[in-house]
Amino acid sequence: DCSGLIVWAYWQALSRQDLFYDGYGAVSDASMQMLYDYNVRRIGVEEVIPGDLIFITYDEGYISHGGLVVAVNGTSVQFINASSYYGKVAVDEWELSDTVRGQWIEAFGRLKVCVR
């Protein structure tokens, strides 16, 4: 799933598995909602760099999907995600202000790594 892909990518990049916070302490896994609630500093689209997180929703107050940003290209964003629509890991490109398959971009975030 999408959070599993993100967790795995950060494990590979940072060579450790206790990166995330669940509200109580360091953990090795995190859902998209947990990443959104506890593990990122929310940033504006103008601050986004490759590797930042994109959070997607179909219902305000609930993060249903997400991915790792590849690039922001003016009015669109490319991101890698474990896509249930395509049934595989894919790079999608969405317009920043559009609704895609009933979902929209809720926020962007930069990972805050849990200190050991």
Side-chain angles (χ1 to χ4, degrees):
D1 70 344
C2 54
S3 62
L5 176 65
I6 292 166
V7 166
W8 176 85
Y10 277 111
W11 286 351
Q12 300 308 303
L14 300 174
S15 299
R16 42 184 283 231
Q17 293 187 357
D18 59 342
L19 298 170
F20 307 102
Y21 183 70
D22 67 357
Y24 301 100
V27 295
S28 62
D29 198 9
S31 66
M32 285 309 302
Q33 191 68 51
M34 193 184 304
L35 289 168
Y36 181 80
D37 288 341
Y38 301 114
N39 291 279
V40 297
R41 177 178 63 86
R42 291 201 196 90
I43 56 176
V45 67
E46 67 282 349
E47 298 175 74
V48 174
I49 59 173
D52 284 337
L53 302 181
I54 183 172
F55 295 95
I56 296 170
T57 188
Y58 61 82
D59 182 17
E60 287 189 36
Y62 172 73
I63 301 302
S64 56
H65 188 56
L68 292 162
V69 172
V70 174
V72 176
N73 304 311
T75 62
S76 68
V77 60
Q78 288 182 322
F79 60 98
I80 189 167
N81 67 111
S83 172
S84 58
Y85 181 76
Y86 295 114
K88 63 181 182 179
V89 173
V91 175
D92 272 324
E93 184 163 3
W94 287 18
E95 291 295 317
L96 294 169
S97 60
D98 283 353
T99 298
V100 178
R101 297 183 293 275
Q103 301 175 97
W104 60 90
I105 299 167
E106 179 68 20
F108 294 95
R110 182 149 310 137
L111 187 68
K112 300 184 295 188
V113 175
C114 193
V115 178
R116 295 184 207 204

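- Linking Ile, Leu, Val, Met, Phe, Trp and Tyr residues whenever their side-chain heavy atoms come within less than 4.5 Å leaves V70 and V48 in two separate clusters.
- Taking each heavy atom of M32 and G66 in turn, the nearest pair found is CE-CA, 3.4 Å.
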Enumerate donor-acceptor pairs with a distance under 3.5 Å from any side-chain N or O in residues 49-56 to protein atoms, sequence neighbours excluded.
from	atom 1	to	atom 2	distance (Å)
D52	OD1	R110	NE	2.8
D52	OD2	I49	N	2.9
D52	OD2	R110	NE	3.4
D52	OD2	R110	NH2	2.8

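- Side-chain atoms of F20 and V7, non-hydrogen and from C-beta on, do get closer than 4.5 Å to each other.
- Take F79 and apply the ring-ring contact (aromatic ring centres under 6.0 Å, His included) test, not counting sequence neighbours, and it matches W94.
- Considering CD of Q103 and CG of D59, their distance stands at 11.0 Å, rounded to 0.5 Å.
- Using a 4.5 Å heavy-atom threshold, the side chains of Q33 and Y62 count as touching.
- Side-chain atoms of D18 and V27, non-hydrogen and from C-beta on, never get closer than 4.5 Å to each other.
- Y86 is linked by a ring-ring contact (aromatic ring centres under 6.0 Å, His included) to nothing, counting only residues two or more places apart in sequence or in another chain.
- Atom CH2 of residue W104 and atom OG of residue S64 lie 8.0 Å apart, to the nearest 0.5 angstrom.
- Residues L35 and Y21 fall within the same hydrophobic cluster, defined by Ile, Leu, Val, Met, Phe, Trp and Tyr side chains chained together at heavy-atom separations under 4.5 Å.
- Under a hydrophobic clustering in which Ile, Leu, Val, Met, Phe, Trp and Tyr are joined whenever their side-chain heavy atoms come within less than 4.5 Å, directly or via other members, L111 and Y38 fall into the same cluster.
- A 4.5 Å side-chain heavy-atom check between L96 and I105 finds at least one atom pair inside the cut-off.
- Considering all non-hydrogen atoms of both residues, G67 and N81 come closest at CA-CB, 4.2 Å.
- Between A90 and S83, the shortest heavy-atom distance links the atoms CB-CB, 4.4 Å.
- Residue pairs meeting the salt bridge (charged side-chain N to carboxylate O under 4.0 Å, His left out) criterion with at least one partner in residues 29-43, sequence neighbours excluded, are R41-E47.
- Cluster annotation: V40 is connected to W11 through the hydrophobic network of ILVMFWY side chains, with a link wherever side-chain heavy atoms come within less than 4.5 Å.
- Residues satisfying the side chain to side chain donor-acceptor pair (under 3.5 Å) test with T57, not counting sequence neighbours, are none.
- Y58 and G102 make their closest contact through CB-O, 3.4 Å (heavy atoms, listed as atom of the first residue, atom of the second, distance).
- Under the side chain to side chain contact (heavy atoms under 4.5 Å, CB included) criterion, A9 pairs with L68, sequence neighbours left out.
- At a threshold of 4.5 Å between side-chain heavy atoms, the hydrophobic network of Ile, Leu, Val, Met, Phe, Trp and Tyr places I80 and V69 in two separate groups.
- For the pair D92/Q78, no side-chain contact is recorded, criterion being any heavy-atom separation below 4.5 Å from C-beta on.
- Rounding to the nearest 0.5 Å gives a distance of 7.5 Å between NZ of K112 and CG of N39.
- The closest donor-acceptor contact from the side chain of D98 to the backbone of V100 lies at 3.5 Å or more, if one exists at all.
- In this structure, R101 and Y85 approach most closely via the heavy-atom pair CD-CD1, 3.1 Å.
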Apply side chain to side chain contact (heavy atoms under 4.5 Å, CB included) to V77 and E93, showing your working. CA-CA 5 Å; V77 60; E93 184 163 3; over 6 Å; no
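- Between the side chain of D1 and the backbone N or O of G4 there is at least one donor-acceptor pair closer than 3.5 Å.
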